[in-house]
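Letters go in sequence order (proteins before strands), and every chain restarts at 1.
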Number of protein chains: 6
Amino acid sequence: MERAEEFKERRERGNEALLRHADLPLKRFLALDRDVYADGNLSGRTKELLGLVASLVLRCDDCITYHLLQARRHGVRTEELAEAMSVALVVGGSIVIPHVRRAAELLEEEHHGNDTT
Amino acid sequence: MERAEEFKERRERGNEALLRHADLPLKRFLALDRDVYADGNLSGRTKELLGLVASLVLRCDDCITYHLLQARRHGVRTEELAEAMSVALVVGGSIVIPHVRRAAELLEEEHHGNDTT
Amino acid sequence: MERAEEFKERRERGNEALLRHADLPLKRFLALDRDVYADGNLSGRTKELLGLVASLVLRCDDCITYHLLQARRHGVRTEELAEAMSVALVVGGSIVIPHVRRAAELLEEEHHGNDTT
Amino acid sequence: MERAEEFKERRERGNEALLRHADLPLKRFLALDRDVYADGNLSGRTKELLGLVASLVLRCDDCITYHLLQARRHGVRTEELAEAMSVALVVGGSIVIPHVRRAAELLEEEHHGNDTT
Amino acid sequence: MERAEEFKERRERGNEALLRHADLPLKRFLALDRDVYADGNLSGRTKELLGLVASLVLRCDDCITYHLLQARRHGVRTEELAEAMSVALVVGGSIVIPHVRRAAELLEEEHHGNDTT
Amino acid sequence: MERAEEFKERRERGNEALLRHADLPLKRFLALDRDVYADGNLSGRTKELLGLVASLVLRCDDCITYHLLQARRHGVRTEELAEAMSVALVVGGSIVIPHVRRAAELLEEEHHGNDTT
């Protein structure tokens with residue numbers, strides 16, 4: 001899962017640059033962006049699916065990659081991700097297609113990664 | 001739940017007008033928009049939450065009302081809806097606030113409706 | 001076509017308020033927004049359809065109403081409008097549905113208006 | 001400034017409904033949404049203009065009304081608001097026009113309100 | 001037209017990955033996304049222009065490239081594409097500029113491609 | 001500030017391609033896009049901040065880079081840019097994060113550039 005590793009490093013580097021310049025509200029926003037996906041009345045697993053679909057319809061590739069990887073960490077299966085993508089596609093329209101294509105390719109890399117392990 | 005009833009009637013009337021003019025692709029889209037929320041690897045219940053959050057971040061009030069009512073039909077609790085709204089708010093930003101306000105008011109009407117029954 | 005008349009009056013009143021406060025760039029933008037739909041290599045008729053679909057996918061009701069009325073002035077038929085709406089729906093997704101519903105209702109009012117004349 | 005009063009009441013009522021159901025992240029978001037406009041390296045006055053233009057290009061009417069009223073409280077002049085609207089119009093395109101129309105009408109009501117005082 | 005070829009290959013590869021994971025609604029959506037551009041009351045040629053402008057205002061580069069190439073296949077001339085871009089720019093604002101820049105560069109590559117053939 | 005130089009060249013090249021195909025409305029739009037940021041009742045400096053925040057919430061990377069560089073030319077300090085980013089983040093939500101990350105990295109490159117001079 002090469003693209004996933006590359007993404008994580010790029011994200012980490014970007015976050016560090018951001019935090020060197022961030023004011024207090026920005027730091028509070030980043031903390032909130034982490035805490036809102038914690039287990040509660042809805043499970044963290046379901047919340048990651050919510051974050052994924054929100055990211056798909058808003059067409060934010062980095063956000064999609066992030067929530068896809070998080071969903072995997074929560075054990076979300078490929079068949080479940082495929083259905084979440086369908087909902088996003090119907091709500092958000094054909095402009096979401098390039099993003100579900102890239103999401104599908106990320107899932108493929110992961111499979112290949114698993115094969116070689 | 002006055003606003004809910006009003007919404008349903010308005011939606012019904014609009015759909016009838018739309019279907020009188022719709023070509024085949026439009027009808028196929030409407031069918032797809034119904035079928036994508038069916039039980040599958042993800043439950044219809046979870047899919048309605050996905051549809052709700054997608055509608056919130058895209059700020060489509062009629063879509064929000066529709067998925068809120070559908071979520072209720074699936075037995076989603078207020079505490080769960082509140083957390084879905086929080087995810088939508090963090091992903092979509094303060095421009096989502098007017099929509100979660102209206103969603104909260106819809107939930108209130110529902111409670112009052114239940115009280116008087 | 002009551003809603004059409006109401007729209008035209010409201011739009012006129014809003015434009016007057018806007019022009020009382022507008023600076024030069026805003027006035028230039030408004031002129032440009034009129035001139036870009038003139039006949040050229042593409043006909044004004046086709047450009048109004050482009051404006052309509054752009055307004056539908058961006059979900060701007062006032063813009064949709066405006067371009068729908070303009071398309072009618074250019075003689076665009078209901079069957080053509082229906083197909084333009086289908087394209088907008090597929091590109092923009094189910095969040096466009098409330099807007100095509102309202103557009104269809106506007107077309108209905110127009111028919112009733114014609115019947116009674 | 002009738003519309004302004006109506007807006008404030010509606011907003012207040014909606015916020016109360018929202019807070020009755022809000023979870024902690026939602027409450028933290030609302031606090032952040034207030035604090036981010038405080039005086040800092042940029043003045044609160046400038047930040048309200050930033051919030052106004054962001055709301056205009058994202059086409060959130062309640063947000064526009066809110067930041068317009070806040071900008072007034074900071075003493076922003078009509079000529080300055082007109083130029084901020086022009087920037088928003090050029091960045092966001094003609095779909096922003098209905099919103100600057102409504103903003104201009106709000107400014108007019110205010111003037112009439114001042115006249116009668 | 002190097003970028004066009006690269007795009008087609010990337011798109012094909014992505015579609016294959018997507019179809020390996022797609023559920024039925026996703027497949028139906030993809031079929032609909034093809035069929036909606038067929039000749040009807042509006043020509044396929046006009047529908048591709050509608051798809052292009054919708055893609056421009058929604059700022060989806062892959063969608064823009066796709067519809068630009070499709071429009072060419074239907075014989076749409078550069079002068080017509082330029083006017084469609086102008087409509088998109090006025091409706092969608094200056095944030096569309098980076099996309100019309102890239103579209104213009106794609107047209108240039110095409111010309112160079114033709115020269116060397 | 002390597003990325004800044006690369007951006008300027010790419011932007012210049014794209015603009016040249018665009019102007020070779022542009023019709024009159026497109027040229028007028030580009031002129032307007034330049035003139036709207038001139039000093040007026042609001043300073044050009046403040047207008048660039050408005051353009052930056054509008055670009056951030058609309059998530060247009062090229063626009064963000066452009067207005068960031070323009071803001072610097074007007075002497076806007078890093079602390080001020082950080083606060084403008086916070087406003088954009090709260091208004092536009094977590095989908096803006098990848099863009100403020102890239103903006104922060106651009107500011108870092110600039111510092112390094114200054115160090116070596």
To the nearest 0.5 Å, tell me how far [X] [atom1] sits from [Y] [atom2].
X: B:L18; Y: C:L89; atom1: CG; atom2: CG; result: 8.0 Å
X: C:I97; Y: B:R11; atom1: CD1; atom2: CZ; result: 8.0 Å
X: C:L81; Y: B:H21; atom1: CG; atom2: NE2; result: 10.0 Å

- Task: Would you mind checking which part of B:N15 comes under 4.5 Å of any heavy atom in chain C, side chain (CB onward), backbone (N, CA, C, O), both or neither?
- Result: both
- Query: Under a 4.5 Å heavy-atom cut-off, does chain C meet the side chain of B:L30, its backbone, both or neither?
  - Reply: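 Just the side chain, heavy atoms under 4.5 Å.
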- Heaviest contributor of heavy-atom pairs below 4.5 Å to chain B, chosen from C:E79, C:R101, C:M85, is C:R101
- When heavy-atom pairs shorter than 4.5 Å are enumerated against chain B, which of C:E83, C:R102, C:H99 gives the highest number?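 Result: the option with the highest number of such pairs is C:E83.
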- Message: Are there residues of residues 46-60 of chain B whose heavy atoms fall under 4.5 Å of chain C's heavy atoms? If so, which?
- Response: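 The list, in residue order, reads B:L58, B:R59, B:C60.
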- Message: Under the rule for ring pair (Phe, Tyr, Trp, His ring centres under 6.0 Å), what residues qualify as partners of C:Y37, not counting sequence neighbours?
- Response: C:H67
- For the residue pair C:S94 and B:C63, what are the closest heavy atoms and their distance? O-SG, 4.4 Å
- Identify which of B:L19, B:L32, B:L24, B:D33 forms the greatest number of heavy-atom pairs closer than 4.5 Å to chain C.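 Counting heavy-atom pairs under 4.5 Å, the top option is B:D33.
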